[in-house]
A.B. asks: 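Structure incoming, see below.
Treat the numbers as computed from the prediction; the structure is a model and nothing was measured. Chain A is the first sequence line, chain B the second, and so forth, proteins listed ahead of strands; every chain is numbered from 1.
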Amino acid sequence: MRCAAPAPARRPPRSGPGARSHAPGALPGAFRCRTRRASRPGGDEPMRRLSNQLIATRREPPADASAVSHQLLARAGMLQQAGAGLFTVGPLLLRTLQRIEAIIRDEHDALGCQELRFTHLQPREPWEASGRWQTLTEDDPIMLRTRTRAGAELGLGPTHEEQAALFAAEGVSSHRQLPMVLYQIATKFRDEPRPRSGLLRTKEFTMKDAYSYDADETSAAATYERLAGAYERIFARAGLDTLRADADVGAMGGTMSAEFLAPAGIGEDFVAASDAGSYRANTEVARAALTAPPAPEERPMSVVETPGATTMETLAPFVPDVPAERMVKTLLYGVTTADGGHEVVAALCRGDRSIDEDKLAKATGATEVAMADADLIRRATHADPGFAGPVGLAGDVRVIGDHAIADVQGFVCGGNATDTHRRDVWWGRDVALPELADLDRVADGDPAPDGGTLSLTRAIEVGHVFLLGTRYSEALGLTAAGPDGVERPVWMGSYGIGIERLAAAIVEQHHDDKGIVWPTAVAPHTAVVVTVRAGDADQDALAEQVTGQLLDADVDAVWDDRDARPGVKFADAELIGFPWRITAGREAAAGRVELTWRATGETEVVDAVDAVSRVAEDARRHRVRQSPR
RNA sequence: CGGGACGUGGCGCAGCUUGGUGAGCGCGCCUGCUUUGGGAGCAGGAGGUCGCCGGUUCGAAUCCGGCCGUCCCGACCA
């Protein structure tokens with residue numbers, strides 16, 4: 001059966017930023033015509049109707065969805081779990097991902113970056129050359145592997161620095177070809193030990209990864225900044241609130257790194273941000289600005305009897321003239337090193353501070369740190385727990401202190417004998433200043449380096465930029481001749497954005513008790529036109545007209561012509577989160593519709609033409625080249 | 001990988017402690033009639049190897065063992 005359709009009229013060719021590159025493939029008539037269908041008035045495309053689409057909303061989320069974003073996306077039918085950390089992206093969610101990708105392309109292309117595509121399957125050899133095969137397959141086996149029938153080993157790309165260096169090595173020979181940025185938007189595979197929170201942490205995900213190439217460090221730093229600037233614009237355009245923060249360079253190796261963190265209750269990271277505005281860092285690397293306590297008059301070191309004083313609070317009365325800033329805490333840890341060995345580490349910090357175990361692990365090169373148990377403490381300190389100090393520790397204990405302890409003199413510390421402490425201890429005079437590192441755990445209210453006060457916020461990492469230096473270019477032979485004719489390794493940078501995670505973060509930030517509230521720029525459709533009562537001639541005619549006008553105005557609109565009760569259609573529209581709802585109801589015969597803004601629920605009754613122009617104006621502000629339509 | 005929990009029609013759950021009585025409830029789905037501005041009502045109907053394998057038993061969704069899968073909390077990342 002074929003549906004009656006007006007004779008196709010030629011649409012004028014389109015041009016400009018919103019141009020459509022092709023008409024969507026039409027489905028076989030029998031399928032498409034499941035319900036009534038009309039072609040676009042004056043157009044040659046089938047009208048987009050929800051009655052022709054799979055809308056699989058449900059009241060309840062699947063039992064194993066705990067993250068709000070996972071629950072809502074699943075309830076909206078935009079998502080289906082295929083396995084642990086594996087998700088099928090439904091048609092509506094795919095549109096959102098494509099919009100995000102369009103914004104990313106737009107910002108990258110504006111900087112002159114070039115898009116390309118690396119292979120997913122990568123031979124072992126380049127990974128060997130960069131020294132990462134062992135790291136990524138054994139130490140932290142995040143790379144999935146396979147073998148060809150001939151026996152060649154392949155890794156399923158978790159990232160592409162090696163390939164990026166190799167690709168450029170073939171074409172780049174002179175500094176005159178630089179700076180240059182290549183990027184791709186493609187699937188990454190990571191054998192995550194523990195997928196989590198729906199789309200926030202998966203084994204397979206889409207990533208935009210970019211690689212920058214510069215002749216020297218100065219130029220590389222400038223490129224890095226330009227990309228970081230693009231990242232801020234990308235997230236802002238996508239409607240996501242993010243903070244740029246100093247970050248850990250981590251396993252990637254490099255010299256500078258920043259993360260883009262989207263504040264959200266479910267985030268796995270904490271940003272320490274200063275209220276003075278110029279300092280922001282992931283707590284993994286954040287530093288509080290600690291002022292050195294004034295040194296007291298120099299006196300010889302002495303022992304104080306401190307029965308039962310195993311905590312700062314109980315110790316204070318025994319040394320009433322010494323503030324906590326002038327004490328040195330000694331905490332003992334059992335540490336497992338990368339090679340599988342074990343050592344005992346004494347971590348020192350100021351009495352008023354505490355140790356960040358992540359920082360300690362990093363500083364000691366440990367894969368695991370655990371507070372020492374009582375037996376271990378007795379062996380290391382010859383005392384009961386609570387009386388450890390740097391003076392007279394067992395010889396096999398590695399001592400490492402936070403930077404701040406170097407500024408403390410004439411301090412109080414544990415006596416390494418039960419019920420005793422030492423006071424008036426001076427570095428250099430009574431005990432050698434140990435190895436120093438950043439071990440300090442920052443907390444809400446700490447003084448910030450820029451003079452403000454730090455506060456901690458939970459956040460989702462949606463982007464990460466690294467200035468890599470020459471590690472990969474040296475390993476893989478990527479060099480460029482300088483103006484002096486001498487070949488030098490190219491400076492590289494690496495820049496990633498997790499696409500699905502970004503979408504999930506947007507949902508985490510933009511939802512209410514009814515469902516998702518997509519920002520216009522990334523909504524699967526900008527507007528839904530709802531007929532209150534399918535089959536009502538006035539409503540159908542008006543809805544069809546309005547939908548057509550919206551499409552003609554380059555607004556991504558869809559008509560909910562399903563023969564369902566209005567409550568169902570309203571609830572679905574709110575759950576899926578279309579920014580605008582245009583309702584053709586009681587006043588349809590008079591050419592008036594209700595215009596509802598999803599974010600606030602605000603509704604006005606307006607003439608249909610006014611509704612169209614209002615929505616078109618919002619769409620125009622958020623339009624991106626190459627957006628899906 | 002350590003710790004905790006779960007697996008019963010498409011989805012959410014009860015039943016299991018104390019083995020046996022027609023495997024049940026809500027949502028969804030199908031048919032018919034009525035209804036039509038906030039997830040309709042009535043009537044009828046379809047749909048389940050109770051994750052898998054093995055054991056105990058006259059008899060197992062239920063007890064025991066193993067395996068698989070999934071989620072949550074901890075060590076990692078976009």
Side-chain angles (χ1 to χ4, degrees), chain A residues 56-67 70-71 74-75 77 80-86 104 135-136 139-142 158-159 185-210 231 247-248 250-252 257 259-262 266-269 282 284 336 357-358 361-362 366-370 460-466 494-505 514-515 530-536 539 562-575 581 583-588 594 596 601 603:
Chain A
T57 55
R58 51 187 96 258
R59 282 170 200 265
E60 290 180 286
D64 49 15
S66 57
H70 185 184
Q71 293 181 347
R75 282 187 53 208
Q80 189 187 55
Q81 180 156 8
L86 300 170
I104 290 174
T135 333
L136 296 183
D139 303 348
D140 178 19
I142 206 154
T159 177
I185 297 177
T187 307
K188 292 279 184 284
F189 302 89
R190 294 188 185 174
D191 192 2
E192 289 286 344
R194 178 147 116 74
R196 211 185 300 222
S197 308
L199 243 29
L200 287 175
R201 189 180 195 72
T202 55
K203 292 193 179 201
E204 181 184 314
F205 60 97
T206 315
M207 178 162 136
K208 186 288 305 181
D209 46 324
Y231 270 40
D248 182 26
M252 203 69 84
S257 174
E259 284 169 343
F260 294 84
L261 297 154
I266 196 170
E268 298 177 0
D269 290 84
N282 190 307
E284 291 169 0
T336 308
E357 292 180 11
D358 291 335
K362 218 171 301 159
T367 55
E368 209 180 307
V369 291
I460 300 163
E461 182 192 355
V462 290
H464 203 153
V465 296
F466 298 90
S494 154
Y495 312 83
I497 294 177
I499 310 290
E500 288 89 348
R501 181 184 279 190
L502 175 46
K514 295 194 178 78
V530 176
T531 34
V532 167
R533 188 170 178 168
D536 177 286
Q539 294 182 15
R562 293 176 298 168
D563 182 16
R565 298 175 69 84
V568 171
K569 297 201 264 195
F570 294 160
D572 278 355
E574 284 154 351
L575 175 59
R581 188 180 87 212
T583 309
R586 292 191 192 94
E587 304 198 46
E594 285 155 42
T596 305
T603 297

A.B. asks: Considering heavy-atom distances to RNA chain B, does A/Pro195 or A/Glu500 have its closest nucleotide positioned more toward the 5' end?
C.D. replies: A/Pro195
A.B. asks: How far, in whole Å, is B/G54 from B/C13 if one measures between their P atoms?
C.D. replies: 29 Å
A.B. asks: Say we look at B/G48 and B/C25: how far apart would their C1' atoms be, to the nearest angstrom?
C.D. replies: 14 Å
A.B. asks: Between protein and nucleotides 3-16 of chain B, map the contacts as a letter string: B base, S sugar-phosphate only, - none, heavy atoms under 4.0 Å, written 5' to 3'.
C.D. replies: --------SSS---
A.B. asks: Return yes if the base of B/G74 and the side-chain atoms of A/Glu357 contain a donor-acceptor N/O pair under 3.5 Å, otherwise no.
C.D. replies: no
A.B. asks: So how far is it from A/Ile497 CD1 to A/Ile104 CD1, rounded to the nearest 0.5 Å?
C.D. replies: 4.0 Å
A.B. asks: Could you work out, with salt bridge (Lys or Arg N to Asp or Glu O under 4.0 Å) as the rule, every residue matching A/Glu594, not counting sequence neighbours?
C.D. replies: none
A.B. asks: Starting at CD of A/Gln81 and ending at C1' of B/U70, how long is that distance when rounded to a whole Å?
C.D. replies: 7 Å
A.B. asks: Name all residues meeting the side-chain hydrogen bond (donor to acceptor under 3.5 Å, both in side chains) criterion together with A/Thr187; count only those two or more places apart in sequence or in a different chain, and write none if there are none.
C.D. replies: none
A.B. asks: Please report the distance, rounded to the nearest Å, between CZ in A/Arg194 and C1' in B/G74.
C.D. replies: 8 Å
A.B. asks: When rounded to the nearest Å, what value does the distance between P atoms of B/U62 and B/C72 take?
C.D. replies: 27 Å
A.B. asks: Taking it one step at a time, do A/Lys569 and A/Thr531 satisfy side chain to side chain contact (heavy atoms under 4.5 Å, CB included)?
C.D. replies: CA-CA 9 Å; A/Lys569 297 201 264 195; A/Thr531 34; 3.7 Å; yes
A.B. asks: Check side-chain hydrogen bond (donor to acceptor under 3.5 Å, both in side chains) between A/His70 and all other residues, then give those that pass, not counting sequence neighbours.
C.D. replies: none
A.B. asks: To the nearest Å, give me how far apart CD1 (A/Ile142) and P (B/C1) are.
C.D. replies: 15 Å
A.B. asks: Any N or O donor-acceptor pair linking the side chain of A/Glu587 to the base of B/G37 at under 3.5 Å?
C.D. replies: no
A.B. asks: Listed by chain and number, what are the side chain to side chain contact (heavy atoms under 4.5 Å, CB included) partners of A/Ser66, not counting sequence neighbours?
C.D. replies: none
A.B. asks: Between A/Glu594 and A/Ala67, which residue's closest nucleotide on RNA chain B lies nearer the 5′ terminus?
C.D. replies: A/Glu594
A.B. asks: For atom P, what is the distance between B/G19 and B/U57, given to the nearest Å?
C.D. replies: 15 Å
A.B. asks: Could you go over nucleotides 30-36 of chain B and give all protein N or O partners under 3.5 Å, atom names and distances?
C.D. replies:
from: B/U35; atom 1: O2; to: A/Arg565; atom 2: NH1; distance (Å): 3.0

A.B. asks: With P as the reference atom in both, quote the distance from B/G28 to B/G22 in angstrom, rounded to an integer.
C.D. replies: 30 Å
A.B. asks: I want to verify a distance call: between B/G38, B/G37, B/A78, whose nearest atom is closest to the A/Arg586 side chain?
C.D. replies: B/G37
A.B. asks: Quick one: is A/Ser66 getting a side-chain N or O under 4.0 Å of the B/C71 phosphate, OP1 or OP2?
C.D. replies: no
A.B. asks: My understanding is that only residues two or more places apart in sequence, or in another chain, count here; which of them pass side-chain hydrogen bond (donor to acceptor under 3.5 Å, both in side chains) with A/Asp572?
C.D. replies: A/Thr57, A/Arg562
A.B. asks: Counting the atoms with a prime plus P, OP1 and OP2 as sugar-phosphate, which does A/Gly463 contact under 4.0 Å by heavy atoms, base, sugar-phosphate, or nothing?
C.D. replies: sugar-phosphate
A.B. asks: Let me have RNA chain B in dot-bracket notation, would you? Count Watson-Crick plus G-U wobble pairs, both distances under 3.5 Å, and use [ ] for pairs crossing earlier ones and | for inter-strand partners.
C.D. replies: (((((((..((((......[...)))).((((((.....)))))).....(((((..]....))))))))))))....
A.B. asks: Looking at the side chain of A/Arg196, which of B/G74, B/C71, B/G37 is the nearest nucleotide?
C.D. replies: B/G74
A.B. asks: A/Phe260: which residues meet the ring-ring contact (aromatic ring centres under 6.0 Å, His included) condition with it, sequence neighbours left out?
C.D. replies: A/Tyr231, A/Phe235
A.B. asks: With sequence neighbours left out, write down each residue that passes salt bridge (Lys or Arg N to Asp or Glu O under 4.0 Å) with A/Glu192, or none if nothing qualifies.
C.D. replies: A/Arg201
A.B. asks: Which residues pass the salt bridge (Lys or Arg N to Asp or Glu O under 4.0 Å) test with A/Glu587, sequence neighbours left out?
C.D. replies: A/Arg592
A.B. asks: Atom CG of A/Leu199 and atom P of B/C71: how far apart are they, to the nearest Å?
C.D. replies: 13 Å
A.B. asks: Taking CG from A/Asp209 and C1' from B/A78, how many angstroms apart are they, rounded to a whole number?
C.D. replies: 10 Å
A.B. asks: I need the single residue from A/Asp209, A/Thr206, A/Thr202 that forms a side-chain contact (heavy atoms from CB on, under 4.5 Å) with A/Lys188. Which is it?
C.D. replies: A/Asp209
A.B. asks: From A/Glu60 CD over to A/Arg75 CZ, what is the distance, rounded to the nearest 0.5 angstrom?
C.D. replies: 9.0 Å
A.B. asks: Can you check the A/Lys569 NZ to B/A40 C1' distance for me, whole Å?
C.D. replies: 14 Å
A.B. asks: How far does the C1' atom of B/G47 sit from the matching atom of B/G38, given to the nearest Å?
C.D. replies: 30 Å
A.B. asks: Restricting to side-chain hydrogen bond (donor to acceptor under 3.5 Å, both in side chains), what partner residues turn up for A/Gln81, sequence neighbours left out?
C.D. replies: none
